[in-house]
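These notes concern the structure reproduced below.
Values below: all heavy atoms of this structure, side chains included; hydrogens, waters and symmetry mates excluded.
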Amino acid sequence: MLHSARAVLPGHTTTLGFTFKPSYYPSTNTASSFTFYMDQPNLILKMKPKQFQHPHLSCQALPQDAVPQRNDELPVHGLSEMVVGVLGGGQLGRMLCQAASQMGIKVMVLDPQENCPASSLSYHHMVGSFDDSATVEKFAKRCGVLTFEIEHVDVATLEKLEKQGVECQPKASTIRIIQDKYLQKVHFSQHGIPLPEFMQIEDLEGVKKAGGLFGYPLMIKSRRLAYDGRGNAIAKSEEELPSAVDALGGFRRGLYVEKWAPFVKELAVIVVKGRDNYVLCYPVVETIHRDSICHTIKAPADVKCKIRDHATEVASNAVNSLKGAGVFAVELFLTKDGQILLNGVAPRPHNSGHHTIESCYTSQYENHLRAVVGLPLGDPSMKTPAAVMYNVLGEEEGELGFQLAHQLIKRALTIPGATFHWYDKPEMRKQRKMGHITIVGPSLGNIESNLAIIVEGKRLNDKTAVAPRVSIIMGSDSDLPVMKSAAETLEMFGVSHEVLIVSAHRTPEFMFSYAKSADKRGIQVIIAGAGSAAHLPGMVAALTPLPVIGVPVRASTLNGIDSLLSIVQMPRGIPVATVAINNATNAALLAVRVLGVSDENLRSRMRQYQEEEKEIVLRKGDKLENHGWESYLNND
């Protein structure tokens, strides 16, 4: 085990940081010596344990080849022996290291901060600037492939390294395009990707011309070093143009303008591309920003299927126009008239893909590593119906900010399906990303209710924590004596459910809102009981994509035949399943079987139920055979 320490040598004022590893006698398990690995690679020290009792630190210098091999220098024999070098050691690098550890892949990071978030989890952390040419070249010599957690790096050096045979994924040419947002827009425009209109500006006259052409509000952007809202300014009129330009540092910074996109939602697609140019797309998500900083991610995005397909197509085409392997985050605008416009692309894992760690079969971080080292790509589809990612931002400076964040963490730990990620940043600042929370669950509605408990401190209750999977509805309380059998059966199988009165005739507005929102609340099956005209099952089935099971309820006339015929005689395209008159038990059993298609626990319970029913019948048969029919009837 490696331990960390610091020491001051006699006669010196400089503090040295080092790690040490004790060597043990096999028979006594006592330390025989300590090997020190200094921050300076050529200074390696070894000392005997008794020397620790000396008032001064006494060390013996040894040549490099005399030091036992470190554990982390031994072969890992993971999925790839290639060492992955990451330029940047922030939270994205940290989560790359976490994914790498599960795959047995070594990840080295280059970051100027000694205690950057990725430092403690990486195979090796080289302290230095990823924008310094000499440092990047030195770092690259120790890696099999270079990749990025931030695109603001020294591209000229990357291009030089590529000519020398160093592997960069994605390619340096892609980083050069992405670094300059104006060049990025030009590139995608040349490849037919739909974009907001844009133009370069060099002086006040140019920006006024753009305002006259595009109208107001006008979005003014920095070409470089723009992220998390930095580098954007909005001018609502021509009079605001000078102040907006000044806020971005003036024209010397390099600016361009975009026509305001009247979006109704901001969407994002994580795309992963392999070395063979094979592309996979994660489900489309909705990104919600506050003060131009990502606040919440909802997966999947609550948009029509054709919008999802179009967004995925735009994202895939954009990434296919870029060179190199890895994960790319494509940010999009959805406009009022249904257009999808590209906002920007990040050539790396992204905030909009954090949820994939818990919600998808393969996280964006694992897939990024797979892509850059040349492994087969993993399945990006979601393994849970819905997920929400919430960024934990600094609310206050310093210690108070940490205390507020910790209160949030404690509330998150009480929520089913919630996972907390802490980035281990040493300094708390307002609006700084300190961590994130991902909640998975049966529906976005259920998850958002649980998120409110975390963020707003609302009390946790069973109704919020566990969403009903089956909804039992009836037109009147007079149907309850029949419909209670459905509730009892679902309770026997441990299926969460709700029981509501929803009248197609007396409360049509409520029926409409109920049916339209049922799937968003996490309902998976609806059991609708109705008598006489029995319009309820069919009306609900016409409004929801969920399966509806109709229960004909016997009324005072016609013995329920009217209800049965009304339910089964639905027009083509409006399917409603049904059961025997008054047989709500079978409706519940059918609902359990529908849920059991994707729930092994329920399938197992159903098999057990069938065995128990079989045993009941066999016992009755034995009794009848052994005691005769007269005794059987008399005993009953």
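Side-chain contact between Ile437 and Ile454: present, with at least one pair of heavy atoms (C-beta onward) separated by less than 4.5 Å. Using a 4.5 Å cut-off on side-chain heavy atoms (C-beta onward), Gln179 and Gln184 make no contact. Side-chain contact between Met108 and His124 is present, with heavy atoms from C-beta onward closer than 4.5 Å.
For the pair Pro349 and Phe148, the tightest heavy-atom approach, listed with the atom from each and the gap, is CD-O, 4.2 Å. Summarising the geometry of Pro380 relative to Pro283, their closest heavy-atom pair is O-CD, 3.5 Å, with the distance given to 0.1 Å. The two residues Thr174 and Pro347 make their nearest non-hydrogen contact at CG2-CB, 4.3 Å. Minimum heavy-atom separation, His368 to Val327: ND1-N, 2.9 Å. Between Ile175 and Val153, the shortest heavy-atom distance links the atoms CG2-CG2, 4.0 Å. Heavy-atom minimum distance, Ile178 versus Val345: CG2-O, 3.3 Å.
Cation-pi geometry between Lys221 and Tyr256 is not met: the NZ or CZ atom fails to fall both under 6.0 Å from the ring centre and inside 45° of the normal.
Using a 3.5 Å distance cut-off with no hydrogens or angles, the side chains of Glu167 and Gln169 do pair a donor with an acceptor. Between the side chains of Gln364 and His350, not a single donor N or O lies within less than 3.5 Å of an accepting N or O. Defined by atom type and a distance below 3.5 Å, a donor-acceptor pair is present between the side-chain atoms of Asp132 and Thr135. A donor-acceptor contact closer than 3.5 angstrom links the side chains of Asp379 and Ser381. Asp337 and Gln339 share a side-chain donor-acceptor pair at under 3.5 Å. There is a side-chain donor-acceptor pair under 3.5 Å between Lys433 and Asn351. Between Ser363 and Thr356, the side chains place no donor N or O within less than 3.5 Å of an acceptor N or O (distance only, hydrogens not considered).
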Please test Arg411 against Ile415 for side-chain contact (heavy atoms from CB on, under 4.5 Å), starting from the C-alpha separation and ending with a verdict.
CA-CA 7 Å; Arg411 291 197 294 269; Ile415 301 299; over 6 Å; no
Is there a side-chain contact (heavy atoms from CB on, under 4.5 Å) between Ile453 and Leu451? Walk through the geometry before answering.
CA-CA 5 Å; Ile453 296 170; Leu451 181 61; over 6 Å; no
Decide yes or no on salt bridge (Lys or Arg N to Asp or Glu O under 4.0 Å) for Arg469 and Asp599, but give the supporting numbers first.
CA-CA 12 Å; Arg469 301 179 69 182; Asp599 189 329; 3.0 Å; yes
Given Gln164 and Glu162, is the side chain to side chain donor-acceptor pair (under 3.5 Å) satisfied, shown in steps?
CA-CA 5 Å; Gln164 296 173 358; Glu162 282 186 336; over 6 Å; no
Lys106 vs Glu81, test: salt bridge (Lys or Arg N to Asp or Glu O under 4.0 Å). Steps then yes/no.
CA-CA 8 Å; Lys106 298 176 182 178; Glu81 291 300 312; 5.4 Å; no
Go through His421 and Glu358 one step at a time and tell me if the side chain to side chain donor-acceptor pair (under 3.5 Å) criterion holds.
CA-CA 11 Å; His421 294 261; Glu358 284 77 32; 2.8 Å; yes
When you look at Leu369 and Met103, which way does the side-chain contact (heavy atoms from CB on, under 4.5 Å) test go after all the steps?
CA-CA 9 Å; Leu369 291 167; Met103 304 167 72; 4.2 Å; yes
Pair Val279-Val271, side-chain contact (heavy atoms from CB on, under 4.5 Å): steps then yes or no
CA-CA 7 Å; Val279 166; Val271 182; 3.4 Å; yes
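Under a 3.5 Å cut-off, the side chain of Lys273 and the backbone N or O of Val319 do form a donor-acceptor pair. Without hydrogens or angle criteria, Arg224 side chain to Gly254 main chain gives no donor-acceptor distance under 3.5 Å. In this structure, the side chain of Ser119 does not engage the main chain of Cys116 through any donor-acceptor pair within 3.5 Å. Between the Thr312 side chain and the Arg308 main chain, a donor and an acceptor come within less than 3.5 Å of each other. Without hydrogens or angle criteria, Gln91 side chain to Tyr423 main chain gives no donor-acceptor distance under 3.5 Å. Looking only at distances, no side-chain donor or acceptor of Asn446 sits under 3.5 Å from a matching main-chain atom of Pro442. At least one donor-acceptor pair under 3.5 Å links the side chain of His125 to the backbone N or O of Asp111. Between the side chain of Ser101 and the backbone N or O of Gln98 there is at least one donor-acceptor pair closer than 3.5 Å. A donor-acceptor contact shorter than 3.5 Å is absent between the side chain of Ser359 and the backbone of Met382. A distance-only check finds no donor-acceptor pair linking the side chain of Asp291 to the backbone of Ile293 [under 3.5 Å].
The 12-atom threshold is not exceeded at NZ of Lys160, counting heavy atoms of other residues, nucleotides or ligands nearer than 6.0 Å. Within a 6.0 Å sphere centred on CZ of Arg607, other residues, nucleotides and ligands contribute more than 12 heavy atoms. By the 6.0 Å contact criterion, NZ on Lys516 is open, its count of non-hydrogen atoms from other residues, nucleotides or ligands being 12 or less.
Once rounded to the nearest 0.5 Å, the distance linking CZ of Arg603 with CD of Gln608 reads 15.0 Å. Here the NZ-CD distance, from Lys298 to Glu286, works out to 5.5 Å after rounding to the nearest 0.5 Å.
Classified by interplanar angle (parallel below 30°, tilted 30° to 60°, perpendicular above 60°), the ring pair His354/His436 is parallel. Taking the six-membered ring where tryptophan is involved, the planes of His191 and His187 are tilted, since the angle between them lies from 30° to 60°.
Salt-bridge check for Arg605 with Glu600: failed, with every basic side-chain N at 4.0 Å or more from each acidic carboxylate O. Using a 4.0 Å cut-off between charged nitrogen and carboxylate oxygen, Arg94 and Glu149 do not count as a salt-bridge pair. Taking a cutoff of 4.0 Å between a charged side-chain nitrogen and a carboxylate oxygen, Glu366 and Arg370 qualify as a salt bridge. Under a 4.0 Å N-O distance rule, the pair Glu427/Lys425 does not qualify as a salt bridge.
Remark: aromatic rings of Tyr609 and Phe493 are close, center separation under 6.0 Å.
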